[in-house]
2 protein chains.
Amino acid sequence: ALATQLSECFSSGLLSGLDVVITAGPTREAIDPVRYISNHSSGKMGYALAQACAEAGARTRLISGPTRLSCPANVERIDVVSAQDMLEAALACKADIFIGAAAVADYRPETIAAQKIKKQGSDSASTTLTLVQNPDIIATIAAGTHKPFMVGFAAETENIVDYARNKLIKKRLDLVIANDVSRHDIGFNSDDNAVTLISAASEEYLEPRSKYQLALELVRRIAIAYR
Amino acid sequence: ALATQLSECFSSGLLSGLDVVITAGPTREAIDPVRYISNHSSGKMGYALAQACAEAGARTRLISGPTRLSCPANVERIDVVSAQDMLEAALACKADIFIGAAAVADYRPETIAAQKIKKQGSDSASTTLTLVQNPDIIATIAAGTHKPFMVGFAAETENIVDYARNKLIKKRLDLVIANDVSRHDIGFNSDDNAVTLISAASEEYLEPRSKYQLALELVRRIAIAYR
């Protein structure tokens, strides 16, 4: 019954007329033609948000790293692989509201080998991979001249709320959705999630529920905060 | 028509009474609770071989890294994540024929961080990841006291046949199936493949075809070479 109510509420058009851009999924950072660094993000939370935004009447674009998910109805998906690709796609999209739900790789290999790197030396030989920082997509968008209403995610395994509040201030975000990814019942790859929603003035824990139900609730709060 | 003929040929039991162990897919090597190193192997070639071996009457076990594929009929799948997991599973399986089709990570991070590693220093700061060599699964199995008939894969982007022949000798394999993974029409993630089959005495290119059709052909040759 609640789902129906919320659904009706959205079809009334909480976000109608607005451009929403959402990033989702992991990024993959190539080491060589066959190897890469990635992370366990399934993209489910970002896709659920895209669905909820489209249902709320927004013109919704979903910039997605490699996932197994199909694109929600009335959402335009832009497929990317690396953080650099994702940044370029994000910079090319006009947005009133920007939701950074992707688990963007903080680091990428300094160089991408043109050929598959061969194992070297004896079995006991170790090697090092030099990593450089990727551009910070959400901070780059927030620092732009036409700054959208900015919603970030913080996926952490410890000190969740502290890190998230720090992210809100440092990256000049309007809302941060903090996720405890050390819990196996929720978060990465799970169908359920529970988050703490953080603004400059408030902090609220939203109990575990399906990612779609959570997305409906988050979109309602984003719409209110945006006004 | 050819498919039907081959299929009938297999149902006659080319490998009946034999234990076949196949590794397939990529491995994932954890950096911390959310990040990992992996590769683009889809597992399709290994799964096709498992299907063809089961159809040929073998008791077939498939030790699989993370893939999107479902287990073929009459195949026992053992799910693993890392190279170390895969080695332990392989050592626990008795095999008459061992087919190493997995793209096992050569290296893993020296330590797995217990908590998500935080970005450090300025945007221009680089960092290094120390990598150590993983155990060589196929060489370890080939060096065991009850050495199975050993079939390896070589996924290369250059000097394909040279590397593959070197692998045959160094790791004491009976056959090596060499794969050019720089070609986008075949190999990793593609439904088709073309390979060069290498033994101590011979070398033969098998034209592009579906991975299942190729698996039928490879199983026929493996069965002949095993006898």
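Below, chains carry the letters A, B, ... as their sequence lines are ordered, and counting in each starts from 1.
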**Q.** Greatest number of heavy atom pairs closer than 4.5 Å to chain A - which of B/Ile117, B/Asp32, B/Leu129
**A.** B/Leu129
Q. Checking A/Lys119 against B/Tyr107: charged group under 6.0 Å from the ring centre and within 45 degrees of the axis?
A. no
Q) Does NZ belonging to A/Lys170 count more than 12 external heavy atoms closer than 6.0 Å? A) no
(Q) Let's go through A/Lys116 and B/Glu158 carefully: what are the C-alpha distance in whole Å and the side-chain angles of both, what is the deciding distance for salt bridge (charged side-chain N to carboxylate O under 4.0 Å, His left out) to 0.1 Å, and is it a yes or a no? (A) CA-CA 8 Å; A/Lys116 184 182 169 192; B/Glu158 56 179 353; over 6 Å; no
(Q) Would the distance check show the side chain of B/Thr130 and the main-chain N or O of A/Thr128 forming a donor-acceptor pair, the cut-off being under 3.5 Å? (A) no
Q: Side-chain contact test, heavy atoms from C-beta onward, threshold under 4.5 Å: evaluate it for A/Glu156 versus B/Lys118 and give yes or no.
A: yes
Q.
Please report the interatomic distance CG(B/Asn39) to OG(A/Ser38), rounded to the nearest 0.5 Å.
A. 12.0 Å
Q) Is the CG atom of A/Asp79 crowded by more than 12 outside heavy atoms at less than 6.0 Å? A) yes
Q. What part of B/Tyr36 is in contact with chain A, defined as an atom under 4.5 angstrom from a non-hydrogen atom: side chain, backbone, both or neither?
A. both
Q.
If you apply the rule side chain to side chain contact (heavy atoms under 4.5 Å, CB included), what do you find for A/Arg35 with B/Asp106, and how did you get there?
A. CA-CA 10 Å; A/Arg35 301 177 178 101; B/Asp106 290 327; 2.6 Å; yes
(Q) Counting C-beta onward and ignoring hydrogens, is there a side-chain heavy-atom pair between B/His40 and A/Arg28 closer than 4.5 Å? (A) yes
Q) What residue in A/Ser182, A/Ser126, A/Pro33 has the most heavy-atom pairs under 4.5 Å with chain B? A) A/Ser126
